Amino acid sequence: MPEETPPQSERRFATPRVKRGLAEMLRGGVIMDVVTADQAKIAEDAGAVSVMALERVPADIRRDGGVARMSDPALIEAIQAAVTIPVMAKARIGHFAEAQVLQALEVDYIDESEVLTPADEAHHIDKWAFSVPFVCGATNLGEALRRISEGAAMIRSKGEAGTGNVVEAVRHLRSIIGDIRKLTQADSAEVYRWAKELAAPLDLVAEVAETGRLPVPLFCAGGLATPTDASLVMQLGAEAVFVGSGIFKSEDPQRRARAIVEATAHFTDAAIVAKVSRGLGTPMAGQDIAEIDIRLADRGW
Amino acid sequence: MRRVGILALQGDVGEHRSVLDSLGADVVEVRRAGDLDGVDALVLPGGESTTIGLLMASSGLDEAIAKALAGGIPVLGTCAGMILLASEVVDGRHDQKSFSAIDMAVRRNGYGRQVASFETDLAVAGLEGGPVRAVFIRAPVVERVGPGVEVLARTSDGIPVVCREANATACSFHPELAGDARIHAMALDL
């Protein structure tokens, strides 16, 4: 061992590798929206890899209207106390003061989320300034790379939260993954044009062209309601799934949660997905995208 | 060529696969008991130990892996995988399962929440080529090791972080996240 390298070097916190590392550990898992400590326990018992602590699930935010904000810290703390798995919480787009509070609460991941009412119509949070890692939604590759350039350590599709309709999540995943596939075929001159068209930093575009994947994990969110929804998006290339209203707005949340966990782990095994899909009771009602008033996915820039 | 299984129910399976590929192993992702047939060595990856435990029970892999470990195949567990190899889980869930392959007590998330996650250089006994870049993510803390356990690395404050007993090696950090193949090579005879 060279003398200048001590056997125990200093500890470095919040490096990109450490921030992305937690997302790597969540792969193949299900992150569930919960609004109470009891729901958090149900989620953990069902095998969730993480919970998202919220005051209202997106379906209720959609129904109630008004301004949706960060959750009450007391609620987040109650959920943190109830479970041993990582706890995430949402801040409004651009609302770095909410994010500072979530960091002070030591949540494990902050979701800068279009499900809440945006606080800034031009800027997202400078996520490099935080030690807690961030996840951000994206509808296409350019948006994903802009969020990564701002410091996001995980990307999720936006989908259309609170609808129980997976069509938008599929659109976003196909767009992101399809463009990554095309980008890997680009020659060096074309990479510059891609950067311009995507409105994304050239170094990140060049990195994706080289590696054929995002520099951070890509998860799926927005409208998932059934085990087959989870299997579908995993087969399309998502590395893990978020399920929001789909669990606790269904008839039997416990069984549905467990079934979605099994289907996500065994997404290529249709026999297992069939087995866990039997007799789950009524899923959340869901909405056609043409029926909804507000497209949450349009929020974010 | 050695066939190495990675328990692939949940967690950072892809990172382990890259490391094992670089060592020239024949890699198999293990999702059901039959996938263990013909496997010479096994990796238990990082992830959520509660989730992996539930999925092992429902797939019957808990019994199949216990049998393979009792048969003496080399196994490496990182982070959640370390918890699965421990004989005692402190502060775990009441239904938390582990294989008792290494006589040690581990505390889940013992270093704290994600803000306390870190990376550092660590010297590991028996490894040539300098320290390992060790990435700790909500890592388990080893609180006790039995007399038959060999401690191959410790943190600067003396906490064991690489432990070996018989055919099993457990690591509280993630050598696979730094792309370092040396611990895998040592633990799995590759």
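Computed from a prediction, not measured in an experiment: that's the story for all the values here.
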Side chain, backbone, both or neither: which part of Ala23(A) has an atom under 4.5 Å from a heavy atom of chain B?
neither

d(Arg133(B) CZ, Thr15(A) OG1) to nearest 0.5 Å is 7.5 Å

Side chain, backbone, both or neither: which part of Ala240(A) has a heavy atom under 4.5 Å from chain B?
neither

Using modelled atom types only, decide if a donor and an acceptor are shared between the side chain of Gln10(B) and the backbone of Arg27(A) within a distance under 3.5 Å.
yes

I would like to know whether Glu10(A) and Thr120(B) meet side chain to side chain contact (heavy atoms under 4.5 Å, CB included); could you show each step before the answer?
CA-CA 6 Å; Glu10(A) 61 171 329; Thr120(B) 191; 5.9 Å; no

Heavy atoms under 4.5 Å from chain A: which residues of residues 20-34 of chain B carry them?
Arg31(B), Arg32(B)

Honestly, the part of Arg258(A) sitting under 4.5 Å from a heavy atom of chain B is side chain

Top residue by heavy-atom pair count (under 4.5 Å) with chain B, among Ala265(A), Pro86(A), Gly21(A)?
Pro86(A)

Quick one: CG on Leu9(B) to OG1 on Thr264(A), what's the gap to the nearest 0.5 Å?
12.0 Å

Go through it in stages, so that I can follow the logic: the residues are Leu54(B) and Glu262(A), the test is side chain to side chain contact (heavy atoms under 4.5 Å, CB included), and I'd like the CA-CA distance, side-chain angles, deciding distance and then a yes or no.
CA-CA 9 Å; Leu54(B) 282 168; Glu262(A) 291 283 342; 5.9 Å; no

Within the side chain of Thr51(B), is there an N or O that forms a donor-acceptor pair under 3.5 Å with the backbone of Gly47(A)?
yes

Hey, is CZ on Phe130(A) packed in by over 12 heavy atoms from elsewhere, all under 6.0 Å?
yes

Does Thr84(A) offer a backbone N or O that forms a donor-acceptor pair with the side chain of Asn109(B) under 3.5 Å?
yes

Expected output: side-chain Ser131(A) to main-chain Val115(B) donor-acceptor under 3.5 Å
no

Proximity breakdown for Glu128(B) and chain A, heavy-atom pairs closer than 4.5 Å:
neither

If I measure from the heavy atoms of chain A, does Arg108(B) come under 4.5 Å with its side chain, its backbone, both, or neither?
side chain

Can you find a heavy atom in the side chain of Glu48(B) that is under 4.5 Å from one in the side chain of Ser50(A)?
no

Measure Asp45(A) against the heavy atoms of chain B and call it side chain, backbone, both or neither at under 4.5 Å.
both

In Å and rounded to the nearest 0.5 Å, what is the OG to NE2 distance from Ser59(B) to His266(A)?
5.0 Å

Checking salt bridge (charged side-chain N to carboxylate O under 4.0 Å, His left out) for the pair Arg11(A)/Glu119(B): CA distance, chi angles, key distance, verdict?
CA-CA 6 Å; Arg11(A) 294 183 179 184; Glu119(B) 56 179 290; over 6 Å; no

What's the spacing between Ile137(B) CD1 and Met25(A) CE if we round to 0.5 Å?
6.0 Å

Verify the neighbour count for atom NZ of Lys275(A): are there more than 12 heavy atoms of other residues, nucleotides or ligands below 6.0 Å?
no

Could you point out which residue of Val107(A), Val18(A), Val87(A) forms a side-chain contact (heavy atoms from CB on, under 4.5 Å) with Gln114(B)?
Val18(A)

Gap separating the CG atom of Asp108(A) from the OG atom of Ser117(B), nearest 0.5 angstrom:
8.0 Å

Judged by modelled atom types alone, do Glu44(A) and Thr50(B) share a side-chain donor-acceptor pair under 3.5 Å?
no

Expected contact set for residues 170-185 of chain B against chain A at heavy-atom separation under 4.5 Å reads His174(B), Glu176(B), Leu177(B), Ala178(B)

